Amino acid sequence: MKNYLLSLFNDTSAALPYLNEIDILFDVPKQDSHGDLSTNAAMMLTKKLHKNPRQIAEEIISNLKTDDSVIYKIEIAGPGFINFFFTPAFIAQIIKNIFAEDKDFGKSKLFEGKKANVEFVSANPTGPLTVGHGRNAVVGDTVANLLEWVGYEVDREYYFNNAGRQMRVLGDSVKQRYLQLLGQDVEFPADYYQGEYIKEIAQQLLDEHGNKLVDEPVEGLFKQRAESIIFNDIKESLARLSIKHKIFFNENSLYEDGKIDELLKLFKQKELSYEKDGAVWMKFLELGSEQDKVIVKSSGEPTYRLPDIAYHREKLERGYDLLVDLFGSDHISTYPDVLAGVKALGFDPEKIKVLIHQFVTILDQGEVVKMSTRKANFITLDQLVDEAGADVVRYFFNMRNINTHMNFDLSLAKKQSDENPVFYLQYAHARICSILKMIEKEELKSSTENLHLLTCDEEQQLLRKIHLFKAEVLYSAQNFETHRICFYLEELAASFHKFYTFCRILGTEKPLAEARVALASATKIVLRNGLSILGVTAPERM
RNA sequence: GCCCCGGUAGCUCAGUAGGAUAGAGCGUCGGUCUCCUAAACCGUAGGUCGGAGGUUCGAAUCCUCUCCGGGGUACCA
């Protein structure tokens with residue numbers, strides 16, 4: 001519908017050149033009585049033309065060459081909106097497109113030929129994924145899906161660090177537990193990893209090696225085994241949510257490949273860094289940040305900024321058109337430095353899109369659960385999936401704008417009641433599947449021959465909703481907003497349920513009945529496609 | 001102190017390139033299964049869009065100030 005109007009206005013701009021001076025936008029009015037699409041173009045032009053908006057609207061309309069079989073009414077309303085009313089027959093034609101495109105309905109080619117990299121999760125292997133990681137994981141994977149739907153070729157990437165203090169503490173935590181299991185009275189520091197999983201790893205080492213590891217260095221088997229076990233668990237947790245990264249990038253490889261030294265030299269050579277108090281400082285002030293910062297400590301160890309910049313440089317050199325970074329708001333301070341660093345190296349920082357999601361607050365029976373990986377006082381992602389199911393978890397994290405500090409009510413998630421909208425969507429899909437089974441017995445089929453019969457309110461509402469799908473996917477992808485898909489699908493399902501209730505198939509004359517089957521079938525495709533973007537299953541029956 | 005995010009119905013949240021009477025789900029209250037799945041549908045009630053100014057034909061949306069909550073502001077990541 002929108003495309004039709006756009007080309008219509010495009011043709012008209014020859015006669016009315018001022019139409020080229022503004023972006024003409026069409027909105028779906030909140031009220032049905034205001035038509036199918038509406039534009040405020042006339043109001044936008046009042047200041048330029050110094051004319052009454054209704055007068056301008058009049059002029060625009062009289063120059064539009066519309067086809068009566070497509071648009072049956074154009075009106076001027078309110079302060080100067082132009083409202084367009086499409087014929088039911090035209091609206092129903094969308095069903096043919098859906099059948100033709102099927103699994104691809106909703107996809108667009110705007111970014112065809114472009115390559116994107118989405119980096120997400122990126123938790124170091126020090127413990128199981130928590131609920132906070134869950135939000136990151138689900139949103140990251142769904143954003144990647146969205147980008148694929150608008151034409152990008154997408155790589156999903158996981159960046160991790162298995163060196164450094166954090167990992168040493170992890171190894172030592174295991175060792176201390178191991179010694180405790182051997183009956184030694186060792187002290188277990190409060191800032192070590194307290195989780196039960198540490199004890200399990202220690203137990204496993206004990207089972208395999210007995211007491212032979214007493215003199216094993218922390219960095220040896222203790223750390224290695226902990227890392228591999230934990231990393232496997234992480235991958236399994238992600239797999240339960242159908243999340244699979246193509247690339248696991250080890251921060252350490254940047255050191256091994258000399259990328260860090262090279263970058264350091266480059267910064268020095270470009271006079272972007274200097275030495276002070278035994279440390280190397282980066283001139284972030286010059287690059288637009290609020291102050292200079294240390295990139296190599298006086299101990300000789302780089303701070304996180306240096307590898308972060310080297311890593312992004314590396315990704316850019318791989319030739320991506322778009323890099324998406326997704327992380328929690330606790331890491332918010334890292335990205336301006338990375339962008340400044342990358343820009344100083346001559347890359348276009350516009351290629352990097354940083355998405356920051358706010359924290360997840362866990363509520364259990366009305367109480368806030370405070371979480372910390374160290375203290376092992378956390379709800380794991382696995383627990384969440386155990387209790388609520390993968391579909392609910394994926395839907396739940398996707399359904400909210402990442403800027404919102406979301407509450408995850410555990411008791412509610414456990415309930416799996418109809419308070420959860422994911423069932424509402426899945427039920428709509430299951431209902432359609434059941435209709436399609438039923439019509440076989442009734443010797444009916446899906447037919448697009450008499451789509452013009454789909455004229456009642458419920459049918460038209462549903463059709464209009466379907467029309468919006470492709471634009472909704474595109475908008476969501478361009479704005480990296482997964483929650484819009486959820487809201488769209490809820491509206492779509494609501495339209496369907498209404499249609500289901502009022503527009504029965506059995507007991508209706510065959511031509512109309514078969515057109516309704518076609519509409520149901522088309523709705524099924526849109527629901528299934530939308531759910532697949534979210535990574536939620538579309539069950540045949542419930 | 002400074003920076004980022006949030007404050008919209010009882011609860012959880014949509015809605016910001018300024019637009020028509022501010023929305024949804026859940027919860028409240030009241031209806032609908034002889035009928036393709038009632039995990040559904042219909043109706044009802046519920047609001048000072050945190051507060052105060054300002055910009056204009058028009059502000060939840062833009063500007064200034066301010067209150068509340070979360071995060072950040074390291075030679076931690």
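On a predicted model such as this, the values are computed, not experimentally measured, just so you know.
- Non-hydrogen atoms lying under 4.0 Å from RNA chain B are contributed by nothing in residues 439-447 of chain A.
- Around the NZ atom of A/K265, the shell of radius 6.0 Å holds no more than 12 heavy atoms that belong to other residues, nucleotides or ligands.
- Nucleic acid contact class of A/C486 (heavy atoms, under 4.0 Å, all strands): none.
- Taking a pair to require two hydrogen-bonding distances under 3.5 Å in either a Watson-Crick or a G-U wobble arrangement, B/G23 pairs with B/C13.
- Between the side chains of A/N252 and A/E256, at least one donor N or O sits under 3.5 Å from an acceptor N or O.
- Contact annotation for A/T361: no contact, since no heavy-atom pair falls under 4.0 Å across all strands.
- Within a heavy-atom distance below 4.0 Å of RNA chain B, the residues of residues 328-344 of chain A found are A/S329, A/D330, A/H331, A/I332, A/S333.
- The number of heavy atoms from other shown groups lying within 6.0 Å of NZ (A/K343) does not exceed 12.
- Residue A/R504 contributes atom CZ, which lies 12 Å from atom P of B/U34 at whole-angstrom precision.
- Among the atoms of the strands shown, only primed sugar atoms or phosphate atoms (P, OP1, OP2) are found under 4.0 Å from some heavy atom of A/N407.
- Across all strands shown, B/G1 pairs with B/U73; the Watson-Crick or G-U wobble distances both stay below 3.5 Å.
- Donor-acceptor pairing under 3.5 Å, judged by distance alone, is absent between the side chain of A/T303 and the base of B/A74.
- In summary, the side chains of A/N450 and A/E514 do not present any donor paired with an acceptor at a separation below 3.5 Å, with no hydrogens or angles considered.
- Counting any heavy atom pair closer than 4.0 Å across all strands shown, A/N401 reaches sugar-phosphate atoms only and no base atom.
- Among the atoms of the strands shown, base atoms are found under 4.0 Å from some heavy atom of A/S298.
- With salt bridges taken as basic N to acidic carboxylate O contacts below 4.0 Å, none links A/K445 and A/E440.
- Here the side chain of A/M406 is nearest to one of B/U16, B/C42, B/C13, namely B/C13.
- The base of B/C41 has none of its N or O atoms less than 3.5 Å from a complementary donor or acceptor on the side chain of A/H497.
- Separating the CG atom of A/D457 from the P atom of B/C42 is a distance of 12 Å, rounded to the nearest angstrom.
- Inspection of the A/Q426 and A/Y395 side chains reveals no N or O donor paired with an N or O acceptor under 3.5 Å.
- Rounded to whole angstrom, the span from the CZ atom of A/R54 across to the P atom of B/A20 amounts to 16 Å.
- Per the stacking criterion (ring centres < 5.5 Å, plane angle < 30°), A/F81 stacks onto the base of B/A20.
- Proximity of A/Y424 to the phosphate of B/C41: a side-chain N or O atom is located under 4.0 Å from OP1 or OP2.
- Neither side chain, A/S495 nor A/R464, offers a donor N or O lying under 3.5 Å from an acceptor on the other.
- Counting non-hydrogen atoms under 4.0 angstrom, A/F359 reaches the backbone sugars and phosphates but no base.
- Using a 4.0 Å heavy-atom criterion, one finds that A/A430 contacts the bases of the nucleic acid, with or without backbone contacts as well.
- Distance A/R135 CZ to B/C13 C1': 12 Å, rounded to the nearest Å.
- Counting non-hydrogen atoms under 4.0 angstrom, A/A520 reaches nothing in the nucleic acid.
- For A/H133 and A/T130, the side-chain atoms include at least one donor-acceptor pair closer than 3.5 Å.
- Phosphate contact (OP1/OP2 of B/A77, side-chain N/O of A/R305, threshold under 4.0 Å): absent.
- A/I295 comes within contact range of no nucleotide atom at all, as no heavy-atom separation falls under 4.0 Å.
- Across the strands present, B/A45 finds no partner; the criterion is a Watson-Crick or G-U wobble pair with both atom distances under 3.5 angstrom.
- Closest to the side chain of A/I505, out of B/C41, B/C36, B/A39, is B/C36.
- For B/A20, the base has a donor-acceptor partner in the side chain of A/N83 [N/O atoms by modelled type, under 3.5 angstrom].
- In this model, a donor atom of one side chain and an acceptor atom of the other lie less than 3.5 Å apart for A/Y274 and A/D292.
- Using modelled atom types, one finds no donor on one side chain facing an acceptor on the other under 3.5 Å when comparing A/Y335 with A/D325.
- Of the candidates B/C36, B/C5, B/A74, B/C5 carries the atom nearest the A/N403 side chain, counting heavy atoms from C-beta on.
- The side chain of A/K276 places no N or O atom within less than 4.0 Å of a non-bridging phosphate oxygen (OP1 or OP2) of B/C75.
- Applying the 90° criterion around 0 to the glycosidic angle, B/C35 comes out anti.
- Residues A/D27 and A/S38 bring no donor and acceptor atom of their side chains to less than 3.5 Å of each other.
- Taking atom CE of A/M399 as the reference point, atom C1' of B/A14 lies 10 Å away to the nearest angstrom.
- More than 12 heavy atoms of other residues, nucleotides or ligands lie within 6.0 Å of CD in A/E75, so this atom counts as buried by the packing criterion.
- For the OP1/OP2 pair of B/G15 and a distance below 4.0 Å, the side-chain nitrogens and oxygens of A/H483 include at least one atom meeting the criterion.
- Stacking between A/H405 and B/G70 is absent: the aromatic ring centre is not both under 5.5 angstrom from the base six-membered ring centre and within 30 degrees in plane angle.
- The pairing partner recorded for B/A39 is none, the criterion being a Watson-Crick or G-U wobble arrangement whose two distances lie under 3.5 angstrom.
- Of the candidate nucleotides B/C36, B/C13, B/A17, B/C13 has the atom nearest to the side chain of A/F487.
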